[in-house]
Trainee: 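Would you mind keeping the following structure in view while I ask a few things?
Small disclaimer: the values here were computed from a predicted structure and weren't measured. For this chain, numbers begin at 1 and follow the sequence in order.
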Amino acid sequence: MTGGALKRAASPSRAVSPPPLRRKAETTVKKTVMASFFTPASKKKPEPITWRIVNNSLVVGKYSTESTGDQKPNSGKPKIAAFDFDSTLVSTVSRNRFPKNADDWKWWDPSVPSKLRSLHSDGYHLAIISNQKAISLKKEKNGGDSKSFANFKGRVTAVMKQLDIPICVYAATEDNEYRKPRSGMWRELLDDCDFDVNGVDSSASIFVGDAAGRPNDHSSVDRGFAANVGLPFKTPEEFFLDAPPEPVVESFDPSLYIQSADSPDDVSPPFSRKSPLELVIFCGSPGAGKSTFYWNYLEPLGYERVNQDILKSRPKCIKVAKEHLAAKRSVVVDNTNADSETRALWLDVAKEFDVPIRCVYFSASPALCKHNNAVRAANKTLNPESRNLLPGIAFGDYGKRFKEPTLSEGFQDIIRVDFRFRGDEDAKKLWGQFWI
C-alpha cells in the first residue's frame with residue numbers, strides 16, 4: 001500500500017462504522033423462575049402446599065415449611081389443635097353466608113392468626129376439619145373445572161400462606177363416613193401423621209367449631225364430632241375471645257337409647273302369638289326399628305313378612321298377604337302404615353279372611369329414626385339388608401301423614417314398642433356415636 005493510500009484511509013472525511021451493539025434479549029420470566037428451571041430436580045424446593053383427594057370425596061391439603069421455627073419439643077404424646085374453617089377461622093368479607101369467590105374471606109377475628117402461631121410454638125399439630133358439601137368433585141374427576149373447589153382451595157391456600165406454619169386441611173364433600181360429626185376425617189388425620197398407633201394426648205388437644213347446638217347455630221355437628229373423637233370442645237367465642245360458654249339447645253343423645261349392660265333381660269318377649277292365624281301390621285316411621293323387630297321376634301314364630309320396599313307397591317303387598325292367609329300362614333305387614341286410611345285397607349283384608357288383626361306401634365321420635373337411618377347406611381355390620389340412606393323427605397312425609405293408631409279402628413290389640421338399641425359392646429359403641 002502507498003503512502004497516499006494510507007493518508008486517504010485515515011482521512012476524517014471517511015468515517016469508519018462502529019461494530020454493531022449486542023443487544024440483550026428481553027424476557028418476562030422472573031429470575032427465580034429461570035433459576036428454578038436450571039436447578040436440578042433433586043435440588044428444587046418442594047411446593048409448600050400439596051393436595052390430594054381420598055375416595056373421590058375427601059379433599060386433603062397440607063402446608064409444609066422447611067423448619068419448625070421456635071416450636072417447643074413434645075416429649076409425650078402429640079397434641080392436636082383442630083378447627084372448623086368457615087365462621088371459625090374465617091368469615092366472608094361480603095357478609096354472605098357462603099363466599100362469592102376465592103378472595104371473599106377475612107379472619108374471623110384479628111386474634112386468630114397469632115393464636116394459631118402460638119399453638120404451633122407450643123408444640124401443637126394444627127388441622128382444619130371442615131364439611132364442604134358445596135364442593136363438586138365430579139367435574140374435577142371428569143376433567144372439568146369446579147368453581148366451588150377452586151374457590152375453596154384459593155381461600156385455604158391464602159390462609160395457609162399468611163400463617164406460614166405447618167397445617168393440614170380435611171374437607172368432606174359428600175354425606176358419607178368423612179362428614180362431621182362422623183369421625184372419618186379424624187381417622188384420616190391420625191393415619192397421615194402416624195398418630196394412629198400410639199394415639200394423641202386427647203385431654204390436652206382441642207376441637208373448635210361454630211356448629212355447637214346453640215339456639216342460633218345451624219346444627220351441632222362440631223360438638224358431636226368432638227364427642228365422637230374424644231376431644232374437648234370450644235366455640236370460636238370461647239377459644240379466641242375467652243367468652244363464657246353459652247347454653248345449648250337440648251338435642252338428641254343416642255346414649256340414652258342404649259340398653260345398659262346391667263339391665264335385666266326381658267321377662268317375657270315383647271310379642272307373642274294370640275291366634276293360630278292372624279294379620280299383624282306395623283305402624284312406625286322409617287328407621288324406627290320395624291324390620292329388626294320382625295327378625296328378632298316374629299320371624300321365629302313363623303310369621304310371613306310383607307314389605308313394600310321389596311314388593312314395590314301396596315297392591316302387590318295386599319296380593320301377597322292374601323296368598324299367605326289363604327295358605328293358612330300368619331302375616332306381618334312391615335310397612336309404615338302411617339294413617340288410618342292406609343290401615344283401613346288391611347282391616348278390610350282381615351275381615352275378608354275372618355282373622356284377627358293386631359297392630360305394633362313403634363314410637364321412635366323423628367330424631368331417633370334419622371339417627372338409625374344414618375347409622376344403618378354407613379355401617380355394613382348394622383345393615384344386614386343393605387338399606388340405602390333415606391332422604392329427609394321420607395321422614396317429613398311420614399310426619400305429615402301420621403295418625404297414632406287406636407283400638408277404635410278395629411284392632412284386637414295395639415302393642416307399643418319404645419326403641420332400645422341392643423347389641424354387643426362394639427355395636428353399642430358404634431351406634432352410640434353422633435351421626436347426624
Trainee: Going through the checks in order, is the ring pair (Phe, Tyr, Trp, His ring centres under 6.0 Å) test met by Phe402 and Phe395?
Mentor: CA-CA 10 Å; Phe402 173 68; Phe395 302 96; over 10 Å; no

Trainee: Decide if atom CZ of Arg314 counts as having more than 12 heavy atoms of other residues, nucleotides or ligands within a radius under 6.0 Å.
Mentor: no

Trainee: Take Arg401 and Asp339, measure what salt bridge (charged side-chain N to carboxylate O under 4.0 Å, His left out) needs, and give me the verdict at the end.
Mentor: CA-CA 6 Å; Arg401 296 187 298 112; Asp339 52 69; 3.1 Å; yes

Trainee: Going by the salt bridge (Lys or Arg N to Asp or Glu O under 4.0 Å) test, which pairs reach into residues 212-241, not counting sequence neighbours?
Mentor: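 Checked against salt bridge (Lys or Arg N to Asp or Glu O under 4.0 Å) - neighbours excluded - the pairs reaching residues 212-241 are Lys180-Asp222, Arg214-Asp217, Arg214-Glu237, Arg214-Glu246.
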
Trainee: Can you confirm whether or not the ring centre of Phe434 sits under 6.0 Å from the ring centre of Phe225?
Mentor: no

Trainee: In this structure, is the centre-to-centre distance between the rings of Phe282 and Tyr294 below 6.0 Å?
Mentor: no

Trainee: Around atom CG of Leu407, are there more than 12 heavy atoms from other residues, nucleotides or ligands closer than 6.0 Å?
Mentor: yes

Trainee: Please assess Glu341 against Lys403 for the test salt bridge (charged side-chain N to carboxylate O under 4.0 Å, His left out), listing each intermediate value before the final yes or no.
Mentor: CA-CA 10 Å; Glu341 291 78 12; Lys403 296 176 184 176; 3.4 Å; yes

Trainee: Taking CG in Asn96 as the centre, count heavy atoms belonging to other residues, nucleotides or ligands within less than 6.0 Å. Is the count above 12?
Mentor: yes

Trainee: Taking side-chain contact (heavy atoms from CB on, under 4.5 Å) as the test, write out the residues that go with Leu347, two or more places apart.
Mentor: Ile357, Glu409, Phe411

Trainee: Can you confirm if the aromatic rings of Trp431 and Phe419 lie within a centre distance of less than 6.0 Å?
Mentor: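 Ring centres of Trp431 and Phe419 closer than 6.0 Å.
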
Trainee: Against Phe83, only a single residue in Trp108, Tyr124, Phe239, Phe207 fulfils ring-ring contact (aromatic ring centres under 6.0 Å, His included); can you say which?
Mentor: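 One option only clears the test, and that one is Phe239.
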
Trainee: More than 12 non-hydrogen atoms from neighbouring residues, nucleotides or ligands closer than 6.0 Å to CD on Glu352, yes or no?
Mentor: yes

Trainee: My understanding is that only residues two or more places apart in sequence, or in another chain, count here; which of them pass side-chain contact (heavy atoms from CB on, under 4.5 Å) with Asp424?
Mentor: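 Per chain and number, Asp424 pairs via side-chain contact (heavy atoms from CB on, under 4.5 Å) with Asp426, Ala427.
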
Trainee: One pair to check against ring pair (Phe, Tyr, Trp, His ring centres under 6.0 Å): Tyr257 and His371. What are the steps and the verdict?
Mentor: CA-CA 11 Å; Tyr257 296 90; His371 175 84; 8.5 Å; no

